Amino acid sequence: MLQPVTLQPAGTDLPGYAELDGAPLSAPVGPIDDQRLTRSGHVRREYSPYKSFGQQAGSSKTEIFILGGYVLAQGIPKLFKDTSSFHFHDEGWFGKDTQTIGMDKLTHAFNTYLIAELLHHRIHRNTGGAEGDAVTAGVLAAGLMALNEISDGIEPDAGYSMQDIVMNIAGAGFSVLRNTVPGLKEKLAFKIEIIPNDQVYSHVGKKHYEQERFLFSLKGSGFEKLENSPLKYLDLQVGYYASDFLNSDREQGIVPKQHLFVGVGLNLGELLFAKSRSTIGRAAYSVLDYVQLPYTSLRYDSTGRLGN
């Protein structure tokens, strides 16, 4: 059972504020300008029983255990293959001479970002919105992904990549910003889009990376001046993907391509589920803040391509 959070230090009488029995502080209980809340609506440390990193992490031990188990399980199959002593490996960044032209790096950033967002949601709920919960979630997410990277460090044809670690930190850092800068979460989203291929969906390998599109979406719905306009259902997008980097492409002498794009996309969450009161509708709204469905955008990229 969640512990009640009292918005006052012990022995201090602060009229107009109530105890919150585990409820999230997305909206303050008292006056919005009260000094007990940060600008982002979090309870300042001196008014919360969840002041430290350990206390905040401890409020969501089950979620951390589940996510940690999932992340670490990804490396277990590698233990049953040929291994080498632990070593580092310089994988490069987004160059055409790299294995996936940077798509694996953006995957690292997005995966860490998503884990940080999930952890922040739970820690925020379980602590009643304690100040610092976003940083706690970001550190935990980056730490879990750094542990997962150890399994790459014993692969003969791979290694522990500091480039991956940097991208993990970047993904976690964006989650921290999004959950601490007032209004940023409503205005800006980091999304993934998966374009179907001849297998519909490739779970692993370069074909998997070739399906991915990563983008930042500036959401019309986050701006008050657009709330009564159809523009609230549209997002401005900037993103990146790569193509023609499969082994079969390289064998044919095809040069890998980098695609930096700008475009406009439909915000399907806002269009279909913003007013939903059902559990499924609210869940769909949340998912669509991280996933852009294919063929719902019009884009122009750096190779001159116009389309999805």
Side-chain angles (χ1 to χ4, degrees), residues 89-114 157-158 161-171 173-174 178 187-222 231 233-271 287-308:
H89 178 61
D90 184 357
E91 294 184 343
W93 294 98
F94 294 84
K96 293 183 179 181
D97 58 340
T98 60
Q99 286 292 314
T100 64
I101 324 301
M103 293 304 296
D104 61 321
K105 299 295 168 280
L106 288 174
T107 300
H108 269 270
F110 185 80
N111 287 348
T112 312
Y113 164 71
L114 191 59
D157 57 349
S161 169
M162 293 309 299
Q163 288 93 342
D164 288 347
I165 297 300
V166 169
M167 295 304 288
N168 293 344
I169 294 172
F174 182 68
R178 197 166 181 253
K187 294 180 174 67
L188 190 62
F190 182 22
K191 294 185 176 184
I192 186 174
E193 177 180 295
I194 304 293
I195 300 296
N197 60 14
D198 56 354
Q199 299 174 338
V200 182
Y201 178 72
S202 300
H203 180 62
V204 294
K206 290 186 176 182
K207 295 194 73 173
H208 167 73
Y209 290 125
E210 193 176 45
Q211 290 186 269
E212 296 178 331
R213 312 284 188 266
F214 292 100
L215 56 135
F216 287 100
S217 288
L218 186 66
K219 301 186 288 185
S221 61
L231 293 178
Y233 301 120
L234 297 179
D235 297 345
L236 294 179
Q237 302 174 344
V238 58
Y240 176 84
Y241 70 99
S243 64
D244 300 328
F245 56 84
L246 303 181
N247 293 340
S248 57
D249 296 325
R250 295 179 191 267
E251 290 170 359
Q252 297 177 54
I254 299 174
V255 178
K257 296 180 179 62
Q258 302 154 315
H259 303 263
L260 183 65
F261 64 81
V262 294
V264 178
L266 283 175
N267 185 335
L268 292 180
E270 188 69 25
L271 181 64
V287 168
L288 290 170
D289 202 33
Y290 302 94
V291 177
Q292 184 73 33
L293 295 184
Y295 314 120
T296 59
S297 305
L298 181 63
R299 300 164 181 160
Y300 180 79
D301 73 27
S302 52
T303 67
R305 182 179 181 273
L306 179 65
N308 185 255

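This structure is a prediction, so every number in the text was calculated from the model and none was measured.
Closest non-hydrogen pair, Asn267 versus Ser221, comes out as ND2-OG, 3.7 Å. Looking at every heavy atom in both residues, Pro196 comes nearest to Gln211 through CA-NE2, 3.7 Å. Lys219 and Leu188 get closest at one heavy-atom pair: CE-N, 4.1 Å.
Note: Tyr113 and Tyr290 have tilted aromatic rings, judged against thresholds of 30 and 60 degrees for the angle between ring planes. The aromatic rings of Phe214 and Phe190 are tilted relative to each other, their planes meeting at an angle between 30° and 60°.
Distance check: Gln292 CD to Leu268 CG gives 6.5 Å after rounding to the nearest 0.5 Å. In this structure, CD on Gln258 lies 10.5 Å from OG1 on Thr303, to the nearest 0.5 angstrom. A distance of 8.5 Å separates CG in Asn168 from CG in Asn111, rounded to the nearest 0.5 Å. Rounding to the nearest 0.5 angstrom, the gap separating the OG atom in Ser248 from the CD1 atom in Ile254 is 7.5 Å.
For Glu210, there are no salt bridge (charged side-chain N to carboxylate O under 4.0 Å, His left out) partners two or more places apart in sequence or in a different chain. For Val264, the side-chain contact (heavy atoms from CB on, under 4.5 Å) partners two or more places apart in sequence, or in a different chain, are Leu234, Leu236. Residues passing the ring-ring contact (aromatic ring centres under 6.0 Å, His included) test with Phe94 are Tyr240, sequence neighbours excluded. Listed by chain and residue number, Lys105 satisfy the salt bridge (charged side-chain N to carboxylate O under 4.0 Å, His left out) test with Asp164 (two or more places apart in sequence, or in another chain). Under the ring-ring contact (aromatic ring centres under 6.0 Å, His included) criterion, Tyr295 pairs with no residue, sequence neighbours left out.
Side-chain contact between Ile101 and Tyr209 is absent, with no heavy atoms from C-beta onward closer than 4.5 Å. Residues Ser217 and Gln237 have side chains in contact (heavy-atom distance under 4.5 Å, counting atoms from C-beta outward). Proximity of Leu306 to Leu298: side-chain heavy atoms (C-beta onward) are separated by under 4.5 Å at one or more points. Side-chain contact between Arg213 and Ser297 is absent, with no heavy atoms from C-beta onward closer than 4.5 Å. Within the 4.5 Å cutoff, no side-chain heavy atoms of Asp104 are placed close to those of Met167.
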Practice task
Evaluate side chain to side chain contact (heavy atoms under 4.5 Å, CB included) for Thr98 paired with Trp93, printing each intermediate quantity in order.
Solution key: CA-CA 7 Å; Thr98 60; Trp93 294 98; 6.0 Å; no
- [ ] Start with the C-alpha distance between Glu212 and Thr107, add both sets of side-chain angles, then the distance that settles side-chain hydrogen bond (donor to acceptor under 3.5 Å, both in side chains), and finish with yes or no.
- [x] CA-CA 9 Å; Glu212 296 178 331; Thr107 300; 2.8 Å; yes
Exercise. Start with the C-alpha distance between Asp235 and Glu270, add both sets of side-chain angles, then the distance that settles side chain to side chain contact (heavy atoms under 4.5 Å, CB included), and finish with yes or no.
Key: CA-CA 10 Å; Asp235 297 345; Glu270 188 69 25; over 6 Å; no
Report task. Step by step, work out the side chain to side chain contact (heavy atoms under 4.5 Å, CB included) result for Val166 and Ile169. Result -> CA-CA 5 Å; Val166 169; Ile169 294 172; 5.8 Å; no
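Remark: Lys206 does not engage Asp249 in a salt bridge, criterion side-chain N to carboxylate O under 4.0 Å.
In this structure, the side chain of His208 engages the main chain of Ser202 through a donor-acceptor pair within 3.5 Å. Looking at Thr296, its side chain never comes within 3.5 Å of a backbone N or O of Leu266 through a donor-acceptor pair. Judged purely by atom type and a 3.5 angstrom limit, Lys191 uses its side chain to pair as donor or acceptor with the backbone of Leu288.
Contacts classified as salt bridge (Lys or Arg N to Asp or Glu O under 4.0 Å) and involving residues 255-267 (residues at least two apart or in different chains) are given here: Asp244-Lys257.
Remark: Tyr201 OH is packed, more than 12 non-hydrogen atoms of other residues, nucleotides or ligands lying under 6.0 Å away.
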